[in-house]
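Okay, structure first, notes after.
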Number of protein chains: 2
Amino acid sequence: MSRLASTINDIANKAGASVTSVSRVLNNKAGKYRISKETAKRILKAAAELDYKPNELARGLRLKKTHTIGLVIPDISNPFFAYVTRNIQRVAHELGYSLVVCDTDENLPLELEHINLLMSKGVDGLVIMPVGQDARHLKRLVKESVPLVLVDRCFDELDTSSVVVDNYAGAFTGIEHLLECGHRRIAIIQGLANTYSNTGRVQGYTDALKKFGIRPDPELIFGGSFREETGYNETKRILSMSERPTAIFATSDLITLGALQAINEMGLDVPNDISVLAFDDTDFAPFLKCPLTVIAQPKESMGEIAVKLLVDQIKGRGKQQTQKIILKPNLVKRNSVKRLVQKEVAVAHA
Amino acid sequence: MSRLASTINDIANKAGASVTSVSRVLNNKAGKYRISKETAKRILKAAAELDYKPNELARGLRLKKTHTIGLVIPDISNPFFAYVTRNIQRVAHELGYSLVVCDTDENLPLELEHINLLMSKGVDGLVIMPVGQDARHLKRLVKESVPLVLVDRCFDELDTSSVVVDNYAGAFTGIEHLLECGHRRIAIIQGLANTYSNTGRVQGYTDALKKFGIRPDPELIFGGSFREETGYNETKRILSMSERPTAIFATSDLITLGALQAINEMGLDVPNDISVLAFDDTDFAPFLKCPLTVIAQPKESMGEIAVKLLVDQIKGRGKQQTQKIILKPNLVKRNSVKRLVQKEVAVAHA
DNA sequence: ATATTTTGCGCAAAGGTTTGCGCAGGGCAC
DNA sequence: GTGCCCTGCGCAAACCTTTGCGCAAAATAT
């Protein structure tokens, strides 16, 4: 905001009109308020000459609308979130909204801080990918009827619009595939406990095992954060188990990255020494030493849907009821899962 | 902004004081304006009870400071930019600033639009990774002394703080390595023409060739955007040349991704059929079928330095002069460059 | 000619905050 | 009893915009 920026007042002076009329002309209310063509033209001309740009701060204050939406995200360094962010920004801009981005680093207090700040700055609505272990602060937003859509992780007890992925189905299908390939000892490296996405993935894992008559072994459940170091450390532990699992289910792309690193360091080979199934896809996945078999999320559409839902809420459309959109993930088979048995045999086991 | 949000006025009422005093107490000016401990305590109590949060819009309007900085970025989907963004957001928040993120999609008019919008919204300063073919709009910002720092790409004719990478040195060293390994026919897939980063990289490429007594062949210069499809299409062209080059220099990670895809589709092998040298590193690079030899940018520090420089400008510190920070990239040798000759022989050639 | 409507425009308030300036009242010295 | 200082606090303007309401003049009707 340069100190020389021209205001509606300058225009009024220059055009010999009142600020009132200027405002009306500039907001296309000339008709409604019967401003003469004559005056309107003078005003428009003056505005152009002064290179007038409305002060959105003052505007927001008056209108209680800032055309800004807040995005609260757990970790932009995670390629999955980065992707979603990109689409959110694009669609938001197309719909006339700016995006202020806050990274919570998977930290609940920080999430609260960011949300408060965003509200203070007068955002028109929020897209939140919550850390997810607590929903009280979100409940408050709902009560104050702040336009809000949850992405990637949601709360069943919370009546909000949300767009999530069917983590359960994704994990289930993936593990099923592993089982069909003859794997029986499958380790899982989970993400942050008690979050929507983690719970679904772990549940899918255990239920798929059960379907094949295998009792899930708590010893095979590792991890506790979606981060790379978790993948690295836990994989090292897994690989040094006396009775080593034949497959690892890595529940995020960052975990996968860490796992790959550990496997590499230990001089092992995917899939011959260990099979890997990953949640989330990466652009580079097909070109890895061993192209990864993954459960891919529809990350393209998630952001887009979320913003549209949010803007509908902001505009008061679709206010009637909240929508929970559940997207289907997609198992893409590449080479990181080794087939230990013929398919027929595996089916017989079931 | 819930419609029930309490204001400084509510506090004044509740505490039986004037808004003036409330403002002063809340802004730690109680001492300066000699407010009694008594009154101050009443005010603080009322504020807490009302769960008061300042309206940053009103604040920004009055103070001409929003504690918000704008980030203008060409393409968040590019992992390099995503990384930098993340660090910018983190450091900005640590310094008390919010970040509004705008993606220009490498599109100059869109860049201008975003910048104008950001200014309208009253950002305190801008971090821009410019599209870079035109600097007139940036020149205007400089003239209006808007706090500004350019990242990744800068303009020699523009007196702004900036943090860039030594693209020339990076490319030069990389190509030198290729040459030392015995490569003589080296194709380059360049990024967006007439941008700072591209120019440096291409220049480094040609100069390194010349140093080895090789006349750069215009036929071997491909590309024209940093995007994935460029990498894909151009690689296909390169690989079907009658006199096929022995190496490809891909000037961005996205180009590299496309190149890998093309190579893969054509059933070729890196580095036996074709060597690849990439600008930018990717987390997954070490784990690729053929671990990539890359020129890695110090993406960790770039964002951090940029924000610190910007905040210094905003706060009026270091106003005295602009700083151009040039970071050194780093050649990391992995396996994607095939050694065609013994080192001694290569040196003899030089 | 007066009465009524229409046309064109602007006053002033509102939105929430910060801050220069000055006001009231108590205490003190003369 | 008059003059002065100090303490504690509030008035009102400023930041820039939008909008309900009303006012004056011109156009039309009677």
Side-chain angles (χ1 to χ4, degrees), chain A residues 1-44 46-47 50-67 119-122 124, chain B residues 1-44 46-47 50-68 119-124:
Chain A
M1 221 156 26
S2 130
R3 93 182 308 73
L4 337 123
S6 57
T7 75
I8 214 181
N9 218 313
D10 302 332
I11 300 180
N13 282 131
K14 180 153 188 164
S18 72
V19 292
T20 309
S21 300
V22 174
S23 169
R24 284 171 177 153
V25 170
L26 262 27
N27 290 291
N28 295 319
K29 307 238 171 106
K32 180 175 171 193
Y33 287 100
R34 300 166 311 193
I35 309 279
S36 68
K37 302 277 177 215
E38 203 44 53
T39 314
K41 215 166 63 184
R42 278 202 330 273
I43 290 177
L44 256 12
L50 291 172
D51 189 27
Y52 170 76
K53 312 231 177 52
N55 179 325
E56 297 292 341
L57 237 47
R59 211 143 195 253
L61 185 59
R62 181 71 237 259
L63 261 16
K64 294 194 175 305
K65 283 260 162 268
T66 53
H67 286 275
M119 295 307 297
S120 284
K121 296 214 167 173
D124 294 344
Chain B
M1 217 152 30
S2 129
R3 91 182 310 74
L4 338 123
S6 57
T7 76
I8 211 182
N9 217 314
D10 302 332
I11 300 180
N13 282 132
K14 180 153 188 163
S18 73
V19 292
T20 309
S21 301
V22 174
S23 170
R24 285 173 175 150
V25 170
L26 261 28
N27 289 291
N28 294 321
K29 307 240 170 104
K32 181 175 171 191
Y33 287 100
R34 299 165 313 194
I35 310 278
S36 69
K37 302 277 177 217
E38 203 43 53
T39 313
K41 215 166 64 185
R42 276 200 333 270
I43 290 176
L44 256 12
L50 291 174
D51 188 28
Y52 170 76
K53 313 231 176 52
N55 179 326
E56 297 293 341
L57 236 47
R59 212 144 195 252
L61 185 59
R62 180 70 239 259
L63 261 17
K64 294 190 176 306
K65 282 260 161 268
T66 53
H67 286 273
T68 301
M119 294 307 298
S120 284
K121 296 214 167 173
V123 296
D124 294 345

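Residue numbers begin at 1 in each chain, while the letters A, B, ... track the order of the sequences. Predicted, not measured: the structure shown is a model, and the values here were computed from it. Basis for what follows: all heavy atoms, side chains included, without hydrogens, waters or symmetry-related copies.
The side chain of Lys64(A) places no N or O atom within less than 4.0 Å of a non-bridging phosphate oxygen (OP1 or OP2) of dG15(C). At the phosphate of dT19(D), neither OP1 nor OP2 sits under 4.0 Å from any side-chain N or O atom of Lys32(A). Distances shorter than 4.0 Å separate some side-chain N or O of Tyr33(A) from OP1 or OP2 on dG20(D). Distances shown here put every side-chain N or O of Thr7(A) at or beyond 4.0 Å from the OP1 or OP2 atom of dC15(D).
Atom P of nucleotide dC15(D) and atom CD of Glu56(B) are separated by 20 Å, given to the nearest angstrom. Between the CD atom of Glu38(A) and the P atom of dG8(C) there is a distance of 11 Å, rounded to whole Å. If you take CG of Leu57(A) and P of dC16(D), they are 10 Å apart, rounded to a whole angstrom. The interatomic distance linking Asp10(B) (CG) with dG15(C) (P) rounds to 11 Å, in whole Å. With rounding to whole Å, Lys65(A) atom NZ is found 15 Å from dG15(C) atom C1'. Atom CD1 in Ile35(B) sits roughly 15 Å away from atom C1' in dC6(D) (whole-Å rounding). To the nearest angstrom, C1' of dA14(D) lies 13 Å from CG of Asn55(A). When the C1' atom of dA12(D) is taken as reference, atom CD1 of Ile8(B) falls 15 Å away, rounded to whole Å.
Counting atom types as modelled, Thr20(A) pairs a side-chain N or O with a base atom of dC11(C) as donor and acceptor under 3.5 Å. Side-chain atoms of Arg24(A) come within donor-acceptor range of the base of dG10(C), with a qualifying N/O pair under 3.5 Å.
In this structure, the side chains of Lys14(A) and Leu50(A) come closer than 4.5 Å at one or more pairs of heavy atoms. The closest side-chain heavy-atom distance from Val22(B) to Tyr52(B) is not below 4.5 Å. Side chains of Leu44(B) and Val25(B) form a contact here, defined as non-hydrogen atoms less than 4.5 Å apart. Counting heavy atoms from C-beta on, the side chains of Thr7(A) and Asn55(A) never come closer than 4.5 Å.
Nearer to the 5' terminus of DNA chain C, by closest-nucleotide assignment, is the contact made by Ser21(A) (compared with the other of Arg59(A) and Ser21(A)).
The distance from the CD atom of Glu56(B) to the OG1 atom of Thr66(A) is 12.5 Å, given to the nearest 0.5 Å.
Ser23(A) comes within contact range of at least one nucleobase, with a heavy-atom separation under 4.0 Å. At a threshold of 4.0 angstrom between heavy atoms, the contacts of Arg34(B) include nucleobase atoms, whether or not backbone atoms are also involved. If you check every strand for non-hydrogen atoms under 4.0 Å, Leu61(A) touches a base.
Listed candidates were dT19(D), dG10(D), dT19(C). Nearest to the side chain of Ala17(B) is dG10(D). Each of dC16(D), dG8(D), dG16(C) was ranked by its minimum atom distance to the side chain of Ser36(B); first place goes to dG8(D). Picking from dT17(C), dG20(C), dC15(D) the nucleotide with the shortest atom distance to the side chain of Tyr52(B) gives dT17(C).
Residues Thr68(B) and Lys121(A) bring a donor and an acceptor atom of their side chains to less than 3.5 Å of each other.
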